[in-house]
Amino acid sequence: MMGQQYFNSATYYRYAAIHWEQLLQNFEGKDDSPAEAVRAFLWAFALVVPSGKKKFVGIRHMPDFLLIVINPDNGAPTLANAFEKPLRATEYGGYAEPSIMALCKFWDQYRVVVDDSSPVVFVLNPKGYELPSAELQAAQVKSLPELVDMTTNQL
């Protein structure tokens, strides 16, 4: 190989919503557990990355931040507008921290404006970023297995 290979480091905002009551109906009369389906989905959602060059460069990047929101009324807000305005890298060149802060601040604004039905929130923050609100700080869990367990137990 004498050519060039390009690499990048990307920030992905991924969003998924699970309608629990509908999932229960879909599993009615089946041997499979809807909670186990959600457990498998959460693991895949957190760990699967786009496949480009995955085998060539061995990409196994763990998430820098996960925010899980469980809403009793199944309302699942998208937080994509947190990134409506382009973000700038930090002084030392990173995009992860400004992306996480934009998401957290948007969530905090959403909570103030919408004041919805007190969702249950879990946060995985493995790099220990200083989160802007007491709600998000208190919602932190230590590991992905704990996040998955707490989420599925809450359902």
Side-chain angles (χ1 to χ4, degrees), residues 8-52 54 59-90 94-155:
N8 78 338
S9 175
T11 300
Y12 300 103
Y13 168 75
R14 292 188 274 180
Y15 165 84
I18 299 171
H19 191 287
W20 181 246
E21 282 78 21
Q22 183 64 54
L23 189 63
L24 289 175
Q25 287 179 16
N26 292 350
F27 274 82
E28 195 170 303
K30 297 187 170 118
D31 292 336
D32 296 328
S33 162
E36 287 305 311
V38 170
R39 176 181 297 282
F41 172 77
L42 290 172
W43 275 101
F45 187 80
L47 297 177
V48 172
V49 295
S51 62
K54 188 188 299 186
I59 297 172
R60 294 289 300 171
H61 187 270
M62 298 299 293
D64 287 326
F65 189 82
L66 287 171
L67 172 65
I68 302 280
V69 177
I70 302 172
N71 233 341
D73 67 358
N74 284 309
T78 177
L79 304 178
N81 282 351
F83 308 106
E84 182 268 334
K85 183 173 146 183
L87 297 170
R88 302 281 180 224
T90 62
Y95 285 96
E97 185 173 12
S99 298
I100 291 165
M101 291 306 113
L103 182 71
C104 290
K105 288 176 184 173
F106 192 83
W107 169 254
D108 290 340
Q109 291 168 350
Y110 170 82
R111 295 284 288 133
V112 168
V113 171
V114 175
D115 191 31
D116 63 1
S117 60
S118 301
V120 176
V121 178
F122 299 116
V123 171
L124 180 63
N125 181 16
K127 291 189 176 177
Y129 292 110
E130 177 106 17
L131 303 180
S133 70
E135 177 189 31
L136 293 176
Q137 290 170 14
Q140 293 184 85
V141 298
K142 294 181 176 145
S143 67
L144 184 56
E146 183 182 359
L147 178 79
V148 170
D149 287 344
M150 291 180 77
T151 301
T152 53
N153 290 341
Q154 187 66 39
L155 299 174

Chemist: Does a side-chain heavy-atom distance below 4.5 Å link Ile68 with Leu42?
Modeler: yes
Chemist: Output all residues satisfying ring pair (Phe, Tyr, Trp, His ring centres under 6.0 Å) with Phe27, sequence neighbours left out; order by chain, then residue number.
Modeler: none
Chemist: Could you give the distance from OG1 (Thr151) to CD1 (Ile70), rounded to the nearest 0.5 Å?
Modeler: 5.0 Å
Chemist: Restricting to non-hydrogen atoms, name the atom on Tyr95 and the atom on Ala89 that form the minimum distance, rounded to 0.1 Å.
Modeler: CE2-N, 3.6 Å
Chemist: Do Leu103 and Phe83 have side chains that approach each other closer than 4.5 Å (heavy atoms only, starting at C-beta)?
Modeler: yes
Chemist: Among residues at least two apart in sequence or on other chains, which ones pass side-chain contact (heavy atoms from CB on, under 4.5 Å) with Ala35?
Modeler: Trp20, Ser33
Chemist: Please find the pair of heavy atoms, one from Pro132 and one from Met101, that lie closest to each other, and give the distance.
Modeler: CD-SD, 4.2 Å
Chemist: Between Leu47 and Leu144, does a side chain to side chain contact (heavy atoms under 4.5 Å, CB included) hold up when you go through it step by step?
Modeler: CA-CA 10 Å; Leu47 297 177; Leu144 184 56; 3.9 Å; yes
Chemist: I need the full list of salt bridge (Lys or Arg N to Asp or Glu O under 4.0 Å) pairs touching residues 35-46, with sequence neighbours left out, sorted by first then second residue.
Modeler: Glu36-Arg39, Arg39-Asp149
Chemist: What distance separates Leu147 CG from Trp43 CH2, expressed to the nearest 0.5 Å?
Modeler: 9.0 Å
Chemist: Please collect all salt bridge (Lys or Arg N to Asp or Glu O under 4.0 Å) contacts where either partner lies in residues 94-106, sequence neighbours excluded, each pair once.
Modeler: none
Chemist: Any chance you could measure Glu130, atom CD, to Cys104, atom SG, to the nearest 0.5 Å?
Modeler: 11.0 Å
Chemist: Who pairs with Gln154 by side-chain hydrogen bond (donor to acceptor under 3.5 Å, both in side chains), at least two apart in sequence or on another chain?
Modeler: none
Chemist: Find the distance between CZ (Phe41) and CD1 (Ile18) and round it off to the nearest 0.5 Å.
Modeler: 5.0 Å
Chemist: Please examine the side chains of Leu79 and Val69, heavy atoms only from C-beta on, and report whether any two atoms are closer than 4.5 Å.
Modeler: no
Chemist: Sequence neighbours left out, what passes side-chain contact (heavy atoms from CB on, under 4.5 Å) with Pro86? Give chain and number order.
Modeler: none
Chemist: Looking only at heavy atoms, what is the nearest atom pair of Ser143 and Leu124, with distance?
Modeler: C-CD1, 3.7 Å
Chemist: Test of understanding: with side-chain hydrogen bond (donor to acceptor under 3.5 Å, both in side chains), list the residues that count as partners of Asp108, not counting sequence neighbours.
Modeler: Ser133
Chemist: Identify the two heavy atoms, one from Phe45 and one from Tyr15, that lie closest to each other, and give their separation to 0.1 Å.
Modeler: CZ-N, 3.8 Å
Chemist: Just jot down the side-chain contact (heavy atoms from CB on, under 4.5 Å) partners of Lys127, sequence neighbours excluded, or say none.
Modeler: Asp64, Tyr129
Chemist: Could you work out, with side-chain contact (heavy atoms from CB on, under 4.5 Å) as the rule, every residue matching Ala80, not counting sequence neighbours?
Modeler: Tyr13, Thr78
Chemist: Should Gln22 and Asn26 count as side-chain neighbours, where that means a heavy-atom distance under 4.5 Å?
Modeler: yes
Chemist: Answer yes or no: is there a side-chain heavy-atom contact under 4.5 Å between Pro98 and Arg88?
Modeler: no
Chemist: Minimum heavy-atom separation for Pro126 and Pro63, please, with both atom names.
Modeler: CG-O, 3.4 Å
Chemist: Atom CG in Leu136, atom CD1 in Ile100: separation rounded to 0.5 Å?
Modeler: 11.5 Å
Chemist: Who passes salt bridge (Lys or Arg N to Asp or Glu O under 4.0 Å) against Glu146, sequence neighbours left out?
Modeler: none
Chemist: Answer yes or no: is there a side-chain heavy-atom contact under 4.5 Å between Leu66 and Phe122?
Modeler: no
